[in-house]
Amino acid sequence: MGLRNVGLQILCCDSSPVFWLEVTVGETFWITEEIMGLTILAAGTSIPDLITSVIVARKGLGDMAVSSSVGSNIFDITVGLPFPWLIYHLLNDLRPIQVSSNGLFCAIVLLFLMLLFVIISIASCKWRMSKLLGSFMFLLYFLFLVVSVMLEDKIIICPSNVSVFVELPSWSVTRIVK
(Lines give C-alpha, C1' and ligand atoms only; values in the text may rest on other atoms or scores of the structure.)
Protein backbone atom coordinates (compact mmCIF):
# COMPACT_ATOMS: atom_id res chain seq x y z
CA MET A 1 0.00 0.00 0.00
CA GLY A 2 2.80 2.42 0.87
CA LEU A 3 4.65 1.66 -2.38
CA ARG A 4 1.48 2.32 -4.36
CA ASN A 5 1.10 5.73 -2.69
CA VAL A 6 4.71 6.59 -3.49
CA GLY A 7 4.14 5.54 -7.12
CA LEU A 8 1.02 7.70 -7.32
CA GLN A 9 2.90 10.70 -5.90
CA ILE A 10 5.72 10.22 -8.43
CA LEU A 11 3.17 9.96 -11.24
CA CYS A 12 1.43 13.17 -10.15
CA CYS A 13 4.72 15.07 -9.84
CA ASP A 14 6.07 13.80 -13.17
CA SER A 15 2.88 14.34 -15.22
CA SER A 16 3.13 18.12 -15.61
CA PRO A 17 6.82 18.26 -16.67
CA VAL A 18 6.33 15.37 -19.11
CA PHE A 19 3.26 17.05 -20.59
CA TRP A 20 5.12 20.37 -20.83
CA LEU A 21 8.01 18.61 -22.58
CA GLU A 22 5.67 16.95 -25.08
CA VAL A 23 3.98 20.28 -25.88
CA THR A 24 7.37 21.99 -26.24
CA VAL A 25 8.63 19.29 -28.61
CA GLY A 26 5.41 19.55 -30.63
CA GLU A 27 5.68 23.33 -30.89
CA THR A 28 9.37 23.08 -31.82
CA PHE A 29 8.65 20.74 -34.72
CA TRP A 30 5.35 22.47 -35.71
CA ILE A 31 3.24 19.46 -34.77
CA THR A 32 -0.38 20.43 -34.09
CA GLU A 33 -2.00 19.75 -30.74
CA GLU A 34 -4.41 17.25 -32.28
CA ILE A 35 -1.64 15.19 -33.85
CA MET A 36 0.36 15.32 -30.60
CA GLY A 37 -2.69 13.99 -28.77
CA LEU A 38 -3.26 11.23 -31.32
CA THR A 39 0.34 10.06 -31.34
CA ILE A 40 2.87 11.02 -28.67
CA LEU A 41 0.51 11.71 -25.78
CA ALA A 42 -1.59 8.64 -26.59
CA ALA A 43 1.49 6.42 -26.80
CA GLY A 44 2.91 7.87 -23.60
CA THR A 45 -0.21 7.08 -21.63
CA SER A 46 -0.50 3.59 -23.13
CA ILE A 47 3.03 2.37 -22.40
CA PRO A 48 2.18 1.25 -18.82
CA ASP A 49 -0.79 -0.72 -20.24
CA LEU A 50 1.52 -2.30 -22.81
CA ILE A 51 4.01 -3.35 -20.14
CA THR A 52 1.37 -4.91 -17.88
CA SER A 53 -0.24 -6.69 -20.85
CA VAL A 54 3.11 -8.17 -21.89
CA ILE A 55 3.83 -9.33 -18.34
CA VAL A 56 0.48 -11.10 -17.89
CA ALA A 57 0.55 -12.50 -21.45
CA ARG A 58 3.97 -14.06 -20.79
CA LYS A 59 2.46 -15.73 -17.74
CA GLY A 60 -0.11 -17.31 -20.05
CA LEU A 61 -2.97 -15.03 -19.05
CA GLY A 62 -3.93 -13.74 -22.50
CA ASP A 63 -7.52 -13.05 -21.46
CA MET A 64 -6.29 -10.82 -18.67
CA ALA A 65 -4.01 -8.92 -21.08
CA VAL A 66 -6.88 -8.22 -23.46
CA SER A 67 -9.27 -7.35 -20.61
CA SER A 68 -6.69 -4.95 -19.17
CA SER A 69 -6.39 -3.11 -22.49
CA VAL A 70 -10.13 -2.83 -22.94
CA GLY A 71 -10.74 -1.89 -19.30
CA SER A 72 -8.07 0.79 -19.23
CA ASN A 73 -9.47 2.46 -22.35
CA ILE A 74 -12.99 2.43 -20.96
CA PHE A 75 -11.65 3.90 -17.69
CA ASP A 76 -9.79 6.62 -19.61
CA ILE A 77 -12.95 7.62 -21.50
CA THR A 78 -15.43 7.40 -18.63
CA VAL A 79 -13.24 8.72 -15.77
CA GLY A 80 -10.01 10.16 -17.21
CA LEU A 81 -11.77 12.64 -19.49
CA PRO A 82 -14.66 13.88 -17.33
CA PHE A 83 -12.86 14.07 -13.96
CA PRO A 84 -10.51 16.99 -14.85
CA TRP A 85 -13.41 18.76 -16.56
CA LEU A 86 -15.53 18.36 -13.43
CA ILE A 87 -12.76 19.76 -11.21
CA TYR A 88 -12.23 22.72 -13.58
CA HIS A 89 -15.98 23.30 -13.77
CA LEU A 90 -16.29 23.39 -9.97
CA LEU A 91 -13.30 25.71 -9.57
CA ASN A 92 -14.42 28.20 -12.26
CA ASP A 93 -18.00 29.07 -11.34
CA LEU A 94 -19.52 26.40 -13.61
CA ARG A 95 -18.47 28.35 -16.75
CA PRO A 96 -18.67 26.41 -20.04
CA ILE A 97 -15.90 26.48 -22.64
CA GLN A 98 -16.60 25.70 -26.26
CA VAL A 99 -14.43 22.93 -27.69
CA SER A 100 -14.33 22.34 -31.41
CA SER A 101 -12.54 19.58 -33.25
CA ASN A 102 -12.38 19.13 -37.00
CA GLY A 103 -14.18 15.93 -37.82
CA LEU A 104 -15.14 14.96 -34.25
CA PHE A 105 -18.22 13.12 -35.48
CA CYS A 106 -16.18 11.29 -38.12
CA ALA A 107 -13.51 10.44 -35.54
CA ILE A 108 -16.14 8.79 -33.35
CA VAL A 109 -17.48 6.85 -36.35
CA LEU A 110 -13.89 5.87 -37.16
CA LEU A 111 -13.43 4.65 -33.59
CA PHE A 112 -16.47 2.38 -33.89
CA LEU A 113 -15.26 1.10 -37.26
CA MET A 114 -11.85 0.35 -35.72
CA LEU A 115 -13.54 -1.60 -32.95
CA LEU A 116 -15.50 -3.57 -35.55
CA PHE A 117 -12.32 -4.31 -37.54
CA VAL A 118 -10.50 -5.40 -34.38
CA ILE A 119 -13.28 -7.84 -33.49
CA ILE A 120 -13.39 -9.18 -37.06
CA SER A 121 -9.60 -9.60 -37.17
CA ILE A 122 -9.49 -11.41 -33.83
CA ALA A 123 -12.36 -13.67 -34.88
CA SER A 124 -10.69 -14.40 -38.24
CA CYS A 125 -7.57 -15.54 -36.33
CA LYS A 126 -9.81 -17.94 -34.37
CA TRP A 127 -9.52 -15.88 -31.19
CA ARG A 128 -5.79 -16.62 -30.89
CA MET A 129 -3.02 -14.08 -30.63
CA SER A 130 -0.49 -14.53 -33.43
CA LYS A 131 2.13 -12.59 -35.37
CA LEU A 132 -0.39 -12.18 -38.19
CA LEU A 133 -2.92 -10.66 -35.79
CA GLY A 134 -0.28 -8.39 -34.25
CA SER A 135 0.78 -7.20 -37.71
CA PHE A 136 -2.83 -6.56 -38.66
CA MET A 137 -3.37 -4.56 -35.45
CA PHE A 138 -0.36 -2.35 -36.30
CA LEU A 139 -1.79 -1.84 -39.79
CA LEU A 140 -5.17 -0.86 -38.32
CA TYR A 141 -3.51 1.62 -35.95
CA PHE A 142 -1.49 3.14 -38.79
CA LEU A 143 -4.66 3.51 -40.90
CA PHE A 144 -6.46 5.08 -37.92
CA LEU A 145 -3.65 7.62 -37.50
CA VAL A 146 -3.59 8.48 -41.21
CA VAL A 147 -7.34 8.99 -41.43
CA SER A 148 -7.45 10.93 -38.12
CA VAL A 149 -4.65 13.26 -39.22
CA MET A 150 -6.35 13.76 -42.58
CA LEU A 151 -9.58 14.68 -40.76
CA GLU A 152 -7.80 17.12 -38.43
CA ASP A 153 -5.86 18.74 -41.29
CA LYS A 154 -9.08 18.94 -43.37
CA ILE A 155 -7.65 16.80 -46.17
CA ILE A 156 -10.77 14.70 -45.69
CA ILE A 157 -13.80 16.84 -44.91
CA CYS A 158 -16.15 15.46 -42.31
CA PRO A 159 -19.76 15.96 -43.40
CA SER A 160 -20.74 16.84 -39.83
CA ASN A 161 -18.57 19.11 -37.69
CA VAL A 162 -19.52 19.04 -34.03
CA SER A 163 -18.97 21.91 -31.64
CA VAL A 164 -19.97 21.29 -28.04
CA PHE A 165 -19.73 23.12 -24.74
CA VAL A 166 -17.69 21.19 -22.19
CA GLU A 167 -15.63 22.03 -19.16
CA LEU A 168 -12.01 21.75 -20.23
CA PRO A 169 -8.84 22.60 -18.31
CA SER A 170 -6.66 25.17 -20.07
CA TRP A 171 -3.71 22.73 -20.04
CA SER A 172 -5.53 20.13 -22.14
CA VAL A 173 -4.19 19.07 -25.53
CA THR A 174 -7.59 19.68 -27.15
CA ARG A 175 -7.99 22.90 -29.14
CA ILE A 176 -10.04 25.51 -27.30
CA VAL A 177 -12.25 27.91 -29.20
CA LYS A 178 -13.50 30.91 -27.21
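Every heavy atom of this structure was used, including side-chain atoms; hydrogens, water molecules and symmetry mates were not. Counting from 1, the numbers follow the sequence of the chain as shown.
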Take Leu81 and Asp76, measure what side-chain contact (heavy atoms from CB on, under 4.5 Å) needs, and give me the verdict at the end. CA-CA 6 Å; Leu81 281 175; Asp76 287 345; over 6 Å; no

Checking side-chain contact (heavy atoms from CB on, under 4.5 Å) for the pair Ile157/Leu151: CA distance, chi angles, key distance, verdict? CA-CA 6 Å; Ile157 304 298; Leu151 283 168; over 6 Å; no

After noting the C-alpha distance and the side-chain angles of Ser68 and Val56, does the key distance pass the side-chain contact (heavy atoms from CB on, under 4.5 Å) rule? CA-CA 10 Å; Ser68 171; Val56 295; 5.7 Å; no

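A distance of 10.5 Å separates NE2 in His89 from CG in Leu91, rounded to the nearest 0.5 Å. Note that the CG atom of Leu140 and the CD1 atom of Ile120 stand 10.0 Å from one another [nearest 0.5 Å]. Note: Leu61 CG to Ile55 CD1 = 11.5 Å, rounded to the nearest 0.5 Å. To the nearest 0.5 Å, atom CD1 of residue Ile156 and atom SG of residue Cys106 are 8.5 Å apart. Atom CG of residue Leu113 and atom CG of residue Leu143 lie 12.0 Å apart, to the nearest 0.5 angstrom. Taken from CD1 in Ile155 to CE in Met150, the straight-line distance is 5.0 Å, to the nearest 0.5 Å.
Closest heavy-atom contact between Phe136 and Phe117: CE2-O, 4.3 Å. Pairing each heavy atom of Phe144 with each of Leu110, the nearest pair is CD1-CD2, 3.5 Å. Nearest heavy-atom pair, Leu38 versus Leu145, reported as atom, atom and distance to 0.1 Å: O-CD2, 3.6 Å. Smallest separation of non-hydrogen atoms from Met137 and Val118: CE-CG1, 3.7 Å. When all heavy atoms are compared, the tightest approach of Ser121 to Ser124 is O-OG, 2.8 Å.
Hydrophobic cluster membership differs between Ile77 and Ile108, with clusters built from Ile, Leu, Val, Met, Phe, Trp and Tyr side chains linked at under 4.5 angstrom. Follow the hydrophobic side-chain contacts under 4.5 Å out from Leu116 and you never reach Leu111; the two are in separate clusters. Phe29 and Met36 fall within a single hydrophobic cluster, where Ile, Leu, Val, Met, Phe, Trp and Tyr side chains are chained together by heavy-atom contacts under 4.5 Å. Trp127 is connected to Val66 through a chain of hydrophobic side-chain contacts under 4.5 Å among Ile, Leu, Val, Met, Phe, Trp and Tyr, so both are in one cluster.
Using a 4.5 Å heavy-atom threshold, the side chains of Ile35 and Asp153 count as touching.
In this model, a donor atom of one side chain and an acceptor atom of the other lie less than 3.5 Å apart for Ser72 and Asp49.
For Met64, the CE atom is loosely surrounded, since the number of other residues' heavy atoms within 6.0 Å does not exceed 12.
For the pair Ser53 (side chain) and Leu50 (backbone), a donor-acceptor distance under 3.5 Å is absent.
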